[in-house]
Visitor: 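Take a look at the following structure, please.
Convention: sequence-line order gives letters A, B, ...; per-chain numbering from 1.
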Amino acid sequence: MTAVEDAPATTAPEREVGKARRRKEDARLITGRTTWTDNMVLPGMLHLAVVRSPVAHAKITNVDVSAAREAPGVVAVLTGRDLADEQGSIPCAWPVTPDMVNPGHPSVAVDEVNHVGEAVAIVVGRSRTAAVDALELVDVDYEPLPVVLDMEQALAEQPDLCHDHLQSNQSFRFVFDAGEAGTGQDTEQAFAEADVVVSRRFVQQRLIPAFMEPRAVVVQPQGDNYTMWSSTQVPHILRLMLAMITGIPEHKLRVVAPDVGGGFGGKLQVTPEEVLSLLVARRLGKPVKWVETRSESLMSAHHGRDQIQYIDIAADREGNVKGLRCRILSDMGAYLRLVSPGVPVLGAFMYVGIYKFPAYRFDCQGVFTNKTPTDAYRGAGRPEATFAIERIMDELAVELGMDPLELRRKNWIKAEEFPFTTAAGLEYDSGDYDTATQQALQLLGYDELREEQRRRRESGDPVQLGIGFSTFTEMCGLAPSRVLGSLSYGAGGWEHASIRMLPTGKVEVVTGSTPHGQGHETAWSQLVADELGVPFEDVEVLHGDTSVSPRGLDTYGSRSLVVGGAAVVNAAQKVIAKARKVAAHLLEASEDDLDFTGGSFSVRGTPGTGVSIQEIALATFAAHNFPEGVEPSIDADATFDPVNFSFPHGTHICAMEVDTETGFVKIRKYACVDDVGTIVNPLIVEGQVHGGLAQGIAQALYEEAVYDDDGNLTTGTFVDYLVPSAADLPHFDTGNTVHAAPGNPIGAKGVGEAGCIASTPAVVNAALDAVRHLGVSDIRMPLTPERVWRAVHLGGDGGDRAPDRTNAQAVDSAQAASIAQGGDL
Amino acid sequence: MSQISVRVDGVDYVDEVEPRTLLVHYLREQLGKVGTVVGCDTSNCGACTVHLDGEAVKSCTVLAVQADGAEVTTIEGVGRDGALHPVQKAFHEMHGLQCGFCTPGMIMASIDLLADNADPSEDEVREGIEGNLCRCTGYQNIVRAVQAAAAEMGTAEMGTGAQA
Ligand code: FES
Ligand code: FES
């Protein structure tokens with residue numbers, strides 16, 4: 001194994017962007033010298049433990065805390081009633097429609113609980129064990145209310161209500177109609193005139209982000225100032241929201257995200273426990289800590305996905321798609337959290353995928369149920385959209401008797417057609433779907449596998465083989481502020497960076513983009529090394545502390561490099577512009593005559609005359625000899641707000657073995673070729689794709705948050721919620737095509753979510769391709785052996801919905817709407 | 001309270017612990033060995049893996065009193081004389097970590113795996129670290145890291161053998 005040693009600082013640095021730099025972050029992480037929030041100990045620190053509701057929906061008639069208060073080591077016990085006047089509501093920053101219903105979300109329940117795991121009281125102890133021991137001494141009386149769990153029933157006529165004080169279980173209805181928006185033709189007409197219409201009902205099961213580091217919060221009050229350390233993806237958003245909720249002025253609050261052990265959207269939140277920790281610290285004037293157990297995390301940290309999708313596709317006999325109609329029910333759970341309603345809306349513009357649909361309609365209802373709230377989980381809305389379109393394209397191919405890839409190719413946007421505005425109104429900037437697909441086919445060894453599939457089919461092998469495709473794109477780089485504003489999102493999408501040139505020539509880069517595993521420290525160093533011509537090692541990246549990095553919008557939506565990295569590059573260019581003035585002064589030359597290469601300014605045509613950026617940094621510090629009227633600083637800030645999303649794309653192909661006797665499925669081979677634009681660090685990009693694939697495959701095969709009829713989460717530990725292990729996942733063959741993103745200073749498109757968005761439908765399509773000839777039409781995720789076995793042995797979708805009204809095949813959106821409204825088929 | 005004496009990362013400690021205290025909590029809270037972390041409450045994640053008398057254990061499944069008289073090695077003590085252990089180095093080289101929360105446990109489990117099987121196949125590595133969950137990496141680069149470390153350690157041993 002060759003250790004990658006860094007080039008000596010004296011030689012002109014070779015280009016950093018594109019290099020497989022080993023990560024700077026690793027040094028502390030592989031030696032255990034980490035700063036997880038739970039590591040923090042402060043003098044006099046108290047510990048919080050949360051009493052949680054064991055019932056899904058009930059009135060709280062009495063809370064008796066007297067015994068708990070007397071318990072050894074207990075300092076205080078607080079109920080919802082105690083905090084009712086100061087706790088406000090957990091914010092929802094994305095009112096997707098003007099009439100969206102938000103029931104309000106207390107951090108600790110006052111009169112009513114609406115899901116199992118909701119906070120009911122807080123025990124404050126001198127030690128964590130003292131607080132936890134006293135939890136069971138808190139006596140809460142509940143008067144049960146009807147429990148609403150099923151979205152279709154929740155929207156039926158006269159349903160039980162998730163929230164007593166609301167009129168219905170619908171939070172919002174968001175409609176995008178291309179005909180009305182002027183981005184496409186009339187959808188109803190397209191369907192009326194189509195030769196072929198295929199309709200399906202897909203279920204996006206409920207998932208749990210399951211970041212490995214459980215959430216933790218520490219709050220330190222200092223006079224009227226407060227510092228919060230939290231295992232969060234979004235310290236900047238959190239600070240702003242906490243100020244708005246608690247009335248603590250924003251400038252008196254500092255939020256720090258130290259080392260954070262994964263997020264995947266699950267820590268893109270303002271959590272009840274963060275609010276409660278702050279309130280308790282304020283009330284007691286003492287530092288407090290709250291750390292969750294894994295069971296608490298699975299039960300009460302927000303969940304993801306959970307949609308029912310009724311998808312109709314229209315086409316002519318030759319396979320030209322004519323229209324797409326999507327009706328979505330999206331389970332919000334019991335409350336709206338930070339961006340709960342925005343998740344399906346982020347998907348609304350991606351259902352058309354990479355295809356040239358002339359007509360498109362999206363109609364989504366957000367539904368309340370007595371379950372844990374849902375919110376962002378890796379991909380947020382776009383995996384759902386990609387699943388629906390990539391699954392229905394396969395179903396259409398079956399209906400038309402066409403090869404699924406041929407159907408895709410016939411309808412996808414050709415390389416020469418970019419920029420292309422889709423029926424959903426998005427302008428895709430670039431792409432080459434054909435090249436990515438060709439490469440992926442080769443990587444997979446497609447022809448041999450098809451041949452093997454044929455052999456197994458002919459010989460009636462109990463183990464059948466299938467191949468599934470997903471040719472996808474996603475909208476990434478969440479920004480542009482103006483677009484987010486037009487979608488009623490409560491904040492912008494810009495990102496901020498500043499660069500500080502230290503007297504010794506070392507460089508501090510401050511980024512508003514807060515990492516939790518993505519390798520920002522390494523990638524940003526590479527960017528700055530190239531821009532400023534300084535050694536990679538000389539760059540330090542600072543982040544995650546609102547007092548160090550005052551402006552930022554944090555990390556989610558594959559936005560860090562695309563938006564935050566671009567801000568860093570722009571800041572570096574401003575540093576050079578400032579330094580150029582100083583260089584011109586020192587070299588007694590005109591600015592226009594200076595070249596800047598390899599970290600040095602020199603006068604064009606006069607070799608040997610040079611002044612390095614480090615020398616300029618020192619000269620700026622001394623400021624003894626500075627140009628007249630120029631302030632002695634070459635530091636610079638930049639805020640970047642792109643004009644468009646970025647559109648990474650790729651082709652993912654899964655080859656799947658299905659054992660028809662046992663129902664076991666096994667990924668035989670997985671190949672994908674992604675185009676994420678310019679690659680700053682191929683190691684990091686590959687790692688992001690791998691991790692995304694693991695989560696997307698896990699949705700297809702393993703994971704599901706299951707509630708029983710009473711609303712108890714039955715998958716509340718890692719024994720039941722099946723996060724895959726190394727033995728459950730295959731080797732991935734990954735590749736890239738590179739088309740730099742037009743309009744992005746780096747040319748990057750974003751990679752954080754690609755694998756997760758693309759892989760799920762490829763896996764399900766592969767399994768179906770293996771057994772479709774046995775009469776199987778669909779298998780619900782996750783593809784457990786039981787579900788697969790039933791589908792193979794009973795045919796259709798294995799009777800998945802048979803007891804409940806109908807099979808998916810018979811339902812189209814219009815019928816589904818009537819079912820949802822209580823009508824009969 | 002019970003008294004225990006343990007040697008942790010080469011240092012001897014004599015401490016009073018509650019009988020119910022888990023080894024992982026003793027390490028983190030009493031010794032400040034916060035390199036070892038807790039990821040679950042059902043012994044499924046392996047984040048807390050340490051070596052107890054040279055064998056990998058999930059330190060959330062061991063009581064501190066059970067470690068009385070034993071030698072414990074954590075992620076903070078696997079390097080020798082300021083140098084990284086070959087497995088630590090391989091995780092860095094092969095990009096076997098992202099957020100790094102699973103990493104201490106993953107490295108400790110991998111060292112143990114290589115002690116039993118000096119040259120594991122890909123499948124053997126995957127099965128060998130099955131008790132350790134990682135949510136970030138998809139495991140492929142962890143597998144690569146373990147195999148790279150095996151190669152490096154094998155070469156180092158052969159080198160030593162030849163000199164002897
Ligand atoms: S914390 Fe020990 S196995 Fe999860
Ligand atoms: S690196 Fe994040 S859990 Fe493994």
Side-chain angles (χ1 to χ4, degrees), chain A residues 1-4 20 22-23 25-34 36 38-39 41 128-129 209-214 259-264 291 293-296 516-519 683-684 686-695 697 717-719 723-729 731-732 755, chain B residues 18 20-21 25 28-29 32-45 47 74-76 78-79 84 88-104 107 122-123 125-143 148-149 151-152:
Chain A
M1 189 171 56
T2 47
V4 169
R22 274 44 174 187
R23 299 193 323 164
E25 292 83 347
D26 294 354
R28 62 180 188 275
L29 299 169
I30 57 176
T31 52
R33 267 64 175 185
T34 36
W36 314 114
D38 187 24
N39 295 0
V41 178
R128 183 143 186 243
T129 37
F211 34 76
M212 284 312 296
E213 182 208 12
D259 282 332
V260 175
F264 317 109
V291 181
T293 63
R294 176 58 59 184
S295 324
E296 259 184 306
H516 37 283
Q518 295 87 349
L683 264 191
I684 293 179
E686 190 197 35
Q688 286 290 323
V689 171
H690 288 170
L693 291 176
Q695 289 181 6
I697 292 170
T717 71
F718 274 164
V719 179
V723 170
S725 77
D728 299 321
L729 289 170
H731 178 88
F732 311 120
Chain B
E18 271 192 67
R20 65 172 175 169
T21 301
H25 290 135
R28 286 183 58 83
E29 285 157 26
K33 289 264 170 198
V34 291
T36 301
V37 295
V38 180
C40 74
D41 42 14
T42 49
S43 312
N44 285 97
C45 77
T74 79
I75 189 69
E76 297 175 48
V78 284
L84 295 176
Q88 287 175 305
K89 208 164 105 203
F91 269 67
H92 174 58
E93 285 299 330
M94 296 297 157
H95 190 32
L97 63 151
Q98 291 180 27
C99 80
F101 195 78
C102 71
T103 309
I107 289 176
E122 175 177 343
D123 283 348
V125 176
R126 286 183 182 273
E127 271 151 36
I129 57 169
E130 202 176 12
N132 290 64
L133 296 177
C134 173
R135 192 57 157 167
C136 297
T137 63
Y139 300 104
Q140 187 153 322
N141 288 346
I142 293 178
V143 174
E152 164 121 346

Visitor: If I measure from the heavy atoms of chain B, does A:His516 come under 4.5 Å with its side chain, its backbone, both, or neither?
Guide: backbone
Visitor: Just checking, any donor-acceptor pair under 3.5 angstrom between side chains of B:Arg28 and A:Asn39?
Guide: yes
Visitor: Would you indicate whether the side-chain heavy atoms of A:Met212 and B:Cys136 approach each other to under 4.5 Å?
Guide: no
Visitor: Specify the closest pair of heavy atoms between A:Ala727 and B:Glu130, including all atoms of both residues, with the distance to one decimal.
Guide: CB-OE2, 3.6 Å
Visitor: Work out which heavy atom in A:Phe732 is nearest to a heavy atom in B:Gly138; give both atom names and the distance.
Guide: CE1-O, 3.8 Å
Visitor: Donor-acceptor pair, A:Asp26 side chain versus B:His95 backbone, under 3.5 Å?
Guide: no
Visitor: Which bit of A:Asp38 is near chain B, if near means a heavy-atom gap under 4.5 Å: side chain, backbone, both or neither?
Guide: both
Visitor: In plain terms, say whether A:Asp728 and B:Arg126 are close enough for a salt bridge, that is, a side-chain N and a carboxylate O under 4.0 Å apart.
Guide: no
Visitor: Verify, without hydrogens or angle tests, whether A:Arg294 (side chain) and B:Gly39 (backbone) share a donor-acceptor contact under 3.5 angstrom.
Guide: yes
Visitor: Identify which part of B:Val38 has an atom lying under 4.5 Å from any heavy atom of chain A, answering side chain, backbone, both or neither.
Guide: backbone
Visitor: Which atoms of B:Ile107 are under 4.5 Å from chain A, going by heavy atoms: the side chain, the backbone, both sets, or neither?
Guide: side chain
Visitor: Which one wins on heavy-atom pair count under 4.5 Å against chain B: A:Pro214, A:Gly517, A:Ala27, A:Ala210?
Guide: A:Gly517
Visitor: Could you go through B:Leu133 and A:Ser725, starting from their C-alpha distance and side-chain angles, then the distance that decides it, and tell me whether this counts as side-chain contact (heavy atoms from CB on, under 4.5 Å)?
Guide: CA-CA 6 Å; B:Leu133 296 177; A:Ser725 77; 4.2 Å; yes
Visitor: Heavy-atom distances under 4.5 Å only: say whether A:Leu729 touches chain B with side chain, backbone, both or neither.
Guide: both
Visitor: Of the listed residues (B:Thr74, B:Leu97, B:Thr42, B:Val143), which shares the most heavy-atom pairs with chain A below a 4.5 Å separation?
Guide: B:Leu97
Visitor: Please look at B:Ile142 and chain A and tell me whether the side chain, the backbone, both or neither of the residue comes under 4.5 angstrom of a heavy atom of that chain.
Guide: neither
Visitor: Between A:Thr31 and B:Gln88, is a side-chain contact (heavy atoms from CB on, under 4.5 Å) present by the stated rule, with each step listed?
Guide: CA-CA 8 Å; A:Thr31 52; B:Gln88 287 175 305; 3.9 Å; yes
Visitor: Please classify the contact of A:Gln688 with chain B as side chain, backbone, both or neither, using a heavy-atom distance under 4.5 Å.
Guide: both
Visitor: Please name the pair of heavy atoms, one in B:Thr137 and one in A:His690, separated by the smallest distance, quoted to 0.1 Å.
Guide: O-CB, 3.2 Å
Visitor: Is the side chain of B:Gln98 donor-acceptor paired with the backbone N or O of A:Gly687 at a distance under 3.5 Å, no angle test?
Guide: yes
Visitor: State, to 0.1 Å, how close B:Val34 and A:Thr34 come at their nearest heavy-atom pair, and which atoms those are.
Guide: O-OG1, 4.3 Å
Visitor: With only heavy atoms counted, which part of A:Val689 is less than 4.5 Å from chain B, the side chain, the backbone, both or neither?
Guide: neither
Visitor: Taking A:Ser295, A:Gly692, A:Gly262, A:Gly263 one by one, which has the highest count of heavy-atom pairs under 4.5 Å against chain B?
Guide: A:Ser295
Visitor: Given that the side chain runs from C-beta out, which part of A:Arg23 has a heavy atom under 4.5 Å from chain B: side chain, backbone, both or neither?
Guide: both
Visitor: Should A:Glu686 and B:Asn141 be marked as a side-chain contact (heavy atoms from CB on, under 4.5 Å) after you check the CA-CA gap, both sets of side-chain angles, and the distance that decides it?
Guide: CA-CA 9 Å; A:Glu686 190 197 35; B:Asn141 288 346; 3.9 Å; yes
Visitor: Using heavy-atom distances under 4.5 Å, tell me whether B:Glu29 contacts chain A through its side chain, its backbone, both, or neither.
Guide: neither
Visitor: Please rank B:Cys99, B:Ala151, B:Gly35 by heavy-atom pairs under 4.5 Å with chain A and give me the top one.
Guide: B:Cys99
Visitor: For B:Thr103, which atoms come within 4.5 Å of any heavy atom of chain A: side chain, backbone, both, or neither?
Guide: side chain
Visitor: With a 4.5 angstrom heavy-atom cut-off, is it the side chain or the backbone of B:Phe101 that approaches chain A, or both, or neither?
Guide: both
Visitor: Using 0.5 Å steps for rounding, measure from the CD atom of B:Glu18 to the OG1 atom of A:Thr129.
Guide: 6.0 Å
Visitor: Walk me through it: do B:Arg135 and A:Phe211 pass the test side-chain contact (heavy atoms from CB on, under 4.5 Å)?
Guide: CA-CA 6 Å; B:Arg135 192 57 157 167; A:Phe211 34 76; 5.7 Å; no
Visitor: Less than 4.5 Å to any heavy atom of chain B: does that hold for the side chain of A:Pro724, its backbone, both, or neither?
Guide: both
